[in-house]
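Okay, so here's the structure we're looking at.
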Amino acid sequence: MENKKILDKICKCLRLAESGNPHEAAMAMRQAQGLMRKYGIREDQVLAAAVSESVKSISGGMSPPFWVLALSNMVAEAFACQAFVARRSGQASRFHFIGMGYGPEVAGYTFTVLHRQLKRARREYVQQLNIENKAEKTRRGNVFAQAWLYRAARTVSEFSGCHEGKAAIDAYIREQYGELGSFSRSPALTDSGNHADVVSGMRAADGVSLYKPVHQKSQPPRLSR
């Protein structure tokens, strides 16, 4: 807690160091540097202090399918965040969204809502498939989900932000989690026989919309369908 107060004070000094008044800016920079030396604060720690994080859990075990990972990455990119998934045996996967300002909060909220909508749409589509083979049914459901994401990305991309905070986000991840491992899944393969799955997935995503409340730029956008 004490360390956070010191970091907040250093960040405040650094903001003042951007002042148009040269004397005031120089004083603020000296104060920030003095505090960093006194308390042994590294530059990475100062960068990381400006970063926030949102964590969302989803059911389905420790190996979420490709379409869930793709959704998390799509949302993270739209809100200028970085996303990774924490997996433990016997527990729900936890998706971390890390970024600046309100970005992670909005990304986590958006991910939760879109995941719920896509999961429901995929389940309903798979239930109406007249197929005995369970693996093939799953594959076609995944093709549907991938097409849904392709169409929904058009809506989510309207909220794409800049990536000026990348260095700070990377610093935060190093401070909090160290080196991250890699985890990836392959998309479902498609062929000419999957035309109906693709079209159905894209049509199912047509009703998804994101919009920002008027005159409330700092608040998370609302989602509707």
Report task. Apply the test side-chain contact (heavy atoms from CB on, under 4.5 Å) to residues Y39 and L7: give CA-CA distance (whole Å), side-chain angles for both, the deciding distance (0.1 Å), then the verdict. Result -> CA-CA 10 Å; Y39 294 100; L7 283 168; over 6 Å; no
Report task. Would you give the length of the straight line joining atom SG of C11 to atom CG of L35, rounded to the nearest 0.5 angstrom? Result -> 11.0 Å
Query raised in the report: Can you list the residues that meet the side chain to side chain donor-acceptor pair (under 3.5 Å) rule with K56, with sequence neighbours excluded?
Result: none
Query - Distance in Å, L118 CG paired with R123 CZ, rounded so as to fall on 0.5 Å steps - result: 11.0 Å
Query - Gap separating the SG atom of C81 from the CD atom of E53, nearest 0.5 angstrom - result: 10.0 Å
**Report entry** Straight-line distance of M36 CE to Q45 CD, nearest 0.5 Å
**Finding:** 8.5 Å
Report task. Would you check if R122 and V143 make a side-chain contact, meaning some heavy-atom pair closer than 4.5 Å? Result -> no
Report task. Under the side chain to side chain donor-acceptor pair (under 3.5 Å) rule, collect the residues that match up with D8, sequence neighbours excluded. Result -> K4
Query - Nearest atoms (heavy-atom pairs only) where A83 meets A76 - result: CB-CB, 3.6 Å
Query raised in the report: Taking the inter-plane angle between the rings of F144 and Y125 on a 0 to 90° scale, is it parallel (under 30°), tilted (30 to 60°) or perpendicular (over 60°)?
Result: parallel
Query - Point-to-point distance, once rounded to the nearest 0.5 Å, from CD1 of I58 to NZ of K119 - result: 7.5 Å
Query raised in the report: Do the side chains of S93 and V85 get nearer than 4.5 Å, heavy atoms only?
Result: yes
Report task. Answer with yes or no whether the hydrophobic clustering places L114 together with Y102; edges join I, L, V, M, F, W, Y residues whose side-chain heavy atoms lie under 4.5 Å apart. Result -> yes
Report summary line: Across all chains, not counting sequence neighbours, the side chain to side chain donor-acceptor pair (under 3.5 Å) partners of R42 are E175
**Report entry** Minimum heavy-atom distance A145-W67, with the two atoms named
**Finding:** CB-CG, 3.6 Å
**Report entry** Heavy-atom side-chain proximity of P64 to F95 below 4.5 angstrom
**Finding:** yes
Query raised in the report: Counting only heavy atoms not in E43, do more than 12 fall under 6.0 Å of its CD?
Result: no
Report task. Could you walk me through whether R94 and R87 pass side-chain contact (heavy atoms from CB on, under 4.5 Å), step by step? Result -> CA-CA 7 Å; R94 291 164 57 87; R87 305 179 305 127; over 6 Å; no
Requested in this report: Can you see which heavy atom on H96 is nearest to which on V55, and at what distance?
Outcome: ND1-CG2, 3.5 Å
Query raised in the report: Rounded to the nearest 0.5 Å, how far does CG of L129 lie from CZ of R140?
Result: 5.0 Å
Report task. Describe, in one word, how the ring planes of F97 and F111 are oriented to each other, choosing from parallel (under 30°), tilted (30 to 60°) and perpendicular (over 60°). Result -> tilted
